[in-house]
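Below, chains carry the letters A, B, ... as their sequence lines are ordered, and counting in each starts from 1.
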2 protein chains.
Amino acid sequence: MARNGEARAKILAAADALFAARGYDAVSMRDVAAEAGVAKAAVFYYFEGKDALYAAVLEGYYRAHEAALTDALAREGDLRDRLHAVVDAYVDFAADNVRYARMVQRKIAGGGGDLTVVRQNLGLLLRGVEAALGDAVPAHGPLAARHFFVTLSGAVLNYFTYAPALEGAWDGDPLSPEGIAERRAHLHWLVDTLLAALPSSAPA
Amino acid sequence: MARNGEARAKILAAADALFAARGYDAVSMRDVAAEAGVAKAAVFYYFEGKDALYAAVLEGYYRAHEAALTDALAREGDLRDRLHAVVDAYVDFAADNVRYARMVQRKIAGGGGDLTVVRQNLGLLLRGVEAALGDAVPAHGPLAARHFFVTLSGAVLNYFTYAPALEGAWDGDPLSPEGIAERRAHLHWLVDTLLAALPSSAPA
DNA sequence: GATCGGTTTGACCGTTCGGTCAAGTTTTGA
DNA sequence: TCAAAACTTGACCGAACGGTCAAACCGATC
């Protein structure tokens, strides 16, 4: 091998697939090495240990996610346009990286481990939504931006994490292009409905 | 010991606390035994194995959850009242059993393991919401009951699972009585807003 | 063709895991 | 009172884990 970072890339891809499919504990370094077609010691040559390997996989997702979101947040336009762009970026990213939603939810619900990296990513999103909503929304109370943030991000992410558990209840695969398109339409309707109901836009 | 199911109950309580705090893999049968103040072999005397122990813990939560929900679903009243009752029951249950939200999310996002028990519980909820919404909502498309179900249950559950990751972003503890009350108000506002926007109730 | 640094490997280590088992203790019921 | 049933235990097992290491490999450079 030795050419370029070929071995490293193969290890990272294998770890990505395995961690996303089975979770952290159910994947052994032997599994990763076998999936990558490499000796187990090679995995330790490129990564300090199992934690570092998992962090590297997650880090890649976070960078891609951040890029997708900052693009959407930087958009010009009115509130509705910007929120739609954020939701679209979120859905696109989750759809292109179905593993990501699962890994994030697992990290949050997992209990152990430091949540600082998750906290940073959530913080970025929250501040984005807060900035986008601006003074269309009260600073405190049940209609504060924070609550819309939790509600919206839950509405996006949960669809993807719940998908495998919703099998029988859906007609067709929830993760098919048609299913995702329908979900996207639901989310757009949701954003429009919530915006229309906000006190400050009531007179319009 | 030997009196009643005392040992069994202590093991179950210990497993509950440990699984909820650390997750499945990070808890060993030795940990459970130590926490319960019992020999490791005793754990295997009462439960077939680690999977069975985890299933027993989850089962208890599911039964309690089911009871809370069927009560709410059986309520008389108009659509709004019934949906508020369901949301309240969901929030109450999640607040009283903070561990539960984490365990369910972990089970769903965990990848491995059979999701049949989760699927059954989700199915119960989904059918409840579908029945409650009745023909206030189209049978297919982005406004179908399924989507509201995912959106609403995500809005409820995610608040509790995200709580530890939202620390800095919230003022005060999101899981304090005040925080939960504020979230409940948000959810009620959400239900009312969505209902008001539904096509069939537009004329009203 | 010798050598040198980055790469790859198989063999190995100590630890911890889920699970078993035979022996001991306590409770029960006739 | 005593034997059977229910319970509890410490010692033990094989397997799998994360991680280490010295040796071998391999493509450059001189």
Practice problem: Grab the CE-C1' distance between B/Met29 and D/dT8 for me, whole Å please. | Solution: 15 Å
Quiz item: Within the structure, does a side-chain N or O atom of B/Ser28 lie under 4.0 Å from either OP1 or OP2 of C/dT16?
Solution: no
Practice problem: For A/Tyr62 and A/Val57, indicate whether the former's side chain and the latter's backbone hold a donor-acceptor pair under 3.5 Å. | Solution: no
Exercise. Take A/Tyr45 and A/Ala41, find for each the nucleotide of DNA chain C with the closest heavy atom, and name the residue whose nucleotide sits nearer the 5' end.
Key: A/Tyr45
Quiz item: Roughly, in whole Å, what's the span from CZ in A/Arg30 to P in D/dA16?
Solution: 9 Å
Exercise. Find the distance B/Glu6:CD to D/dA6:C1' and express it as a whole number of Å.
Key: 15 Å
Exercise. Report yes or no: does A/Arg183 contribute a side-chain atom to a donor-acceptor pair with the main-chain N or O of B/His147 at less than 3.5 Å?
Key: yes
Quiz item: A/Phe44 has an atom CZ; how far is it from atom C1' of D/dC17, in whole Å?
Solution: 9 Å
Exercise. Starting from P on C/dG19, measure out to CG on B/Asp51 and report it in whole angstrom.
Key: 7 Å
Quiz prompt | Length of the line joining B/Asp25:CG and C/dT16:P, which is rounded to integer Å | solution = 17 Å
Exercise. Using a heavy-atom cut-off of under 4.0 Å over every strand shown, decide if A/Val27 touches base, sugar-phosphate, or nothing.
Key: sugar-phosphate
Practice problem: Could you tell me whether the side chains of B/His84 and B/Asp192 share a donor-acceptor contact shorter than 3.5 Å? | Solution: yes
Self-check item: Rounded interatomic separation in angstrom, taking NZ from A/Lys40 and P from D/dT20
Solution: 10 Å
Self-check item: Ring center gap for A/Tyr162 and A/Trp170 short of 6.0 angstrom
Solution: no
Self-check item: Nucleotide of C/dT9, C/dT8, D/dT9 approaching A/Val38 most closely (side-chain heavy atoms)
Solution: C/dT9
Quiz item: D/dT20 P sits how many Å from A/Phe47 CZ, rounded?
Solution: 16 Å
